[in-house]
Structure formats: structure tokens, C-alpha cells
Amino acid sequence: MTKEPIRFKKERELGEILSATFKFLRENYKALFGVLLKTTGPALALLLLSLAFYSFQTVGSIGVQSMFSGGTALLATAILLITYLVYYAALTGTIYHSIRSYISHEGQIIPQEVYSGVKSDFGNLLAISVISGLLVFFGFLLLLIPGIYVAVPLSLAPAIIVFRNKSVFDAISDCFELVKNNWWATFGSIIVISIIVYIVGLVFQIPTIIYFIIKTMTVFQEGTLADPSSMFDTGYIIMNIISSMIQYIIYGITPIGFAFVYFHLNEKKHFTGTYETIRNLGKKD
């Protein structure tokens, strides 16, 4: 018996958004993992290498740190930021284009469509990540509230780029229009989705946390607590990189949830799903 495809273009309450998010993930995780492996695999590998380099520069042993100058630590931070933005753009692009393909083919994800879509939109998705980050950063500099205010609509800008085929600046304009009069509801949905994904990811940090606690107790008993680098040895860094890799993959849940938020808001304003349902009446036996 063929499963009924999840209908994205409809209004949903927060509970329904969360339920639909994990239902979509549960029913399509194999297809999603397959396309994610190809589109984000190289970016994830670079991100993990950058994280390793950054970790050894900031919390590695003094012996390792002494091999490099302070300027190299700054360079490591910049490389980590750049590779994260590249990975995030590839991740969101893959998830959104997978959903777009799923909608177009009534429940089936066509990998080739996803690959070509990500390739086409990658530049815009990377640009929107950079611009959004800068806008939110400067918003926080102007006290906390402006940063939070712009972060909410901008979080939906990548979805607008993919689902509406918009340019970067058109997406920025559209996302503020989309959230208008629905800012608080959107804020609540985004916060809850982000917290849940964070908690799921935090579970995989538990072994690293336990290792750190044991290492701290050992260092304390040995009387070498004055040397903080002894608590962040190679074992800790390796465990942190592995747990971070799992977290980066889990972050793929976030754009799925944001996609449902986007379609909820879009339906409230434009009734696209309702109009499609009306047009399709009588077309099927």
C-alpha cells in the first residue's frame, strides 16, 4: 500500500509542525542521507578538518600550540567559519531541494533534481548565510532586540530562495513580508524547533562531557590544574570532533522544520495549497 505523501502546503499549529517534521524525517531518512552524502560530504570533511585545526590551536596542548604563532589561531578561526558557512549552505540547499522534489513528485525525492538544484542555488544560499549573519551580528550590536527581530524572518530566507526561485535581496524582502503580523508565532516555532534539535545533538556530546569531567578530576588529583591545556588533550579533541560531526548531520532536522514553518506562513497569506487542491478536484478518479 502506497503511503500518502505529506502535504506541505497547509496551515499547521506548532505541535503539528513538529509532528510533520519528524514524520517526514522518519519516512525519508534513507533518501535524504543518500543525497546529503553526495552534496554535503566534501563540505563536512573540510569542516571537520577545520575544526581539528581550530581545536589544536585553541585548546590543544601547549606543545602543539607552540608550533604556531598567534596569527595562525586567528586564521584557524576564519577557516572554521568559512567552512561552516559552506557546509550550512549545502545542507539547507539539499534539504529544501529534497522537499521541493518530494512535493513535485508526490512523495518521491529525485536525487538528480536535488543535485542540480543545489548546484544552481548554492551561490545564493551561501550569500544569504553571510548577509544574514552580518545583519544579525550588527543587530545584536545595537542591543539585543534588533538582532533577535531580524534573525526570525531571515531564518526563512533560504527557503524562499529555493521554493520561490528568488534572488538574495528579493528573498530578504519577501521573508520580512512573510513574517509580518506573525512574528511572535514564527519566533516561537523557530525557538522550539532549534531547542529540540540542540537537545538531540547534545545527547551525542555526553561521552565528551564525561571524558572531560574524568580528565579534570585526574588533573586535579595530580596537582596540574594550573595547566589548563592538560584537560584538553588529543583524546578530548578527537571525541569532540566525532560528536560535532554527528551534531552537524543532525542539524539537517532544522531546515525540515523551517520548511513547514515557511509553508504554514505562505498558506496563511497566499492560500497556494488551497488553490492547488481546488484546481485538482476532479482530476483524479
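Just so it is clear, the model here is predicted, and its values are computed rather than measured. Below, each value reflects all heavy atoms present in this structure, side chains not excepted, and no hydrogens, waters or symmetry copies.
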Can you give me the closest heavy-atom contact between [X] and [Y], atom names plus distance?
X: Ala157; Y: Ala171; result: O-CB, 3.9 Å
X: Leu48; Y: Ile241; result: CD2-O, 3.9 Å
X: Ile128; Y: Pro158; result: CG2-CG, 4.0 Å
X: Ser55; Y: Asn240; result: OG-ND2, 4.3 Å
X: Leu135; Y: Val150; result: O-CG2, 4.0 Å
X: Val261; Y: Ser189; result: CG2-CB, 3.9 Å

Pairs involving residues 111-128, ordered by first then second residue, that meet salt bridge (charged side-chain N to carboxylate O under 4.0 Å, His left out) (sequence neighbours left out): none
Listed once per pair and sorted, the salt bridge (charged side-chain N to carboxylate O under 4.0 Å, His left out) pairs that draw on residues 84-102, sequence neighbours left out: none
Tell me whether [Y] is reachable from [X] by hopping between hydrophobic residues (I, L, V, M, F, W, Y) whose side-chain heavy atoms are closer than 4.5 Å.
X: Ile145; Y: Leu141; value: no
X: Tyr248; Y: Leu126; value: no
X: Ile103; Y: Val114; value: yes
X: Leu49; Y: Leu37; value: no
X: Ile6; Y: Ile99; value: yes

Counterpart residues, side-chain contact (heavy atoms from CB on, under 4.5 Å), relative to Ile195 (two or more places apart): Ile191, Ile199
For Ser167, side-chain contact (heavy atoms from CB on, under 4.5 Å) partners two or more places apart: Asp170
Are the side chains of [Y] and [X] in contact, using a 4.5 Å heavy-atom criterion?
X: Val179; Y: Phe187; result: no
X: Ile242; Y: Thr208; result: no
X: Phe258; Y: Ile95; result: no
X: Thr186; Y: Leu156; result: yes
X: Phe53; Y: Leu80; result: no
X: Trp183; Y: Pro153; result: yes
X: Ile79; Y: Leu75; result: yes

In chain order, what residues pass the side chain to side chain donor-acceptor pair (under 3.5 Å) check against [X], with sequence neighbours excluded?
X: Thr94; answer: Thr39
X: Ser129; answer: none
X: Gln205; answer: Ser243, Gln247
X: Ser132; answer: none

Test log, rule side chain to side chain contact (heavy atoms under 4.5 Å, CB included), inputs Leu44 and Ile249: CA-CA 9 Å; Leu44 179 59; Ile249 295 172; 4.1 Å; yes
How many angstroms lie between atom [atom1] of [X] and atom [atom2] of [Y], to the nearest 0.5 angstrom?
X: Gln112; Y: Ser101; atom1: CD; atom2: OG; result: 10.5 Å
X: Thr77; Y: Ile82; atom1: OG1; atom2: CD1; result: 11.0 Å
X: Leu46; Y: Leu51; atom1: CG; atom2: CG; result: 12.5 Å
X: Phe204; Y: Leu202; atom1: CZ; atom2: CG; result: 10.5 Å
X: Leu81; Y: Tyr54; atom1: CG; atom2: OH; result: 10.5 Å
X: Thr83; Y: Tyr88; atom1: OG1; atom2: OH; result: 15.0 Å

Does [X] reach the main-chain N or O of [Y] with its side chain, forming a donor-acceptor pair under 3.5 Å?
X: Ser155; Y: Val152; value: yes
X: Tyr251; Y: Gly201; value: no
X: Thr40; Y: Ala90; value: no
X: His264; Y: Glu11; value: no

Salt bridge (charged side-chain N to carboxylate O under 4.0 Å, His left out) against Asp174, all qualifying residues, sequence neighbours excluded: Arg164, Lys166
Worked verdict on Lys38 versus Tyr115 for side chain to side chain contact (heavy atoms under 4.5 Å, CB included): CA-CA 8 Å; Lys38 184 169 182 178; Tyr115 302 148; 3.5 Å; yes
Val35/Val118 under side chain to side chain contact (heavy atoms under 4.5 Å, CB included): CA gap, chis, key distance, verdict: CA-CA 10 Å; Val35 292; Val118 173; over 6 Å; no
Partners passing ring-ring contact (aromatic ring centres under 6.0 Å, His included) against Phe163 (at least two apart in sequence or in another chain): Tyr96, Tyr262, Phe263
Using a 3.5 Å cut-off and no angle test, enumerate the donor-acceptor pairs between side-chain atoms of residues 16-33 and protein atoms at least two apart in sequence or in another chain.
residue : atom : partner : partner atom : Å
Glu16   : OE1  : Glu13   : N            : 2.8
Thr21   : OG1  : Ile17   : O            : 2.7
Asn28   : ND2  : Phe24   : O            : 2.9

Donor on one side chain, acceptor on other, Asn266 and Lys9, under 3.5 Å: no
Contact list for residues 124-144, test ring-ring contact (aromatic ring centres under 6.0 Å, His included), sequence neighbours left out: none
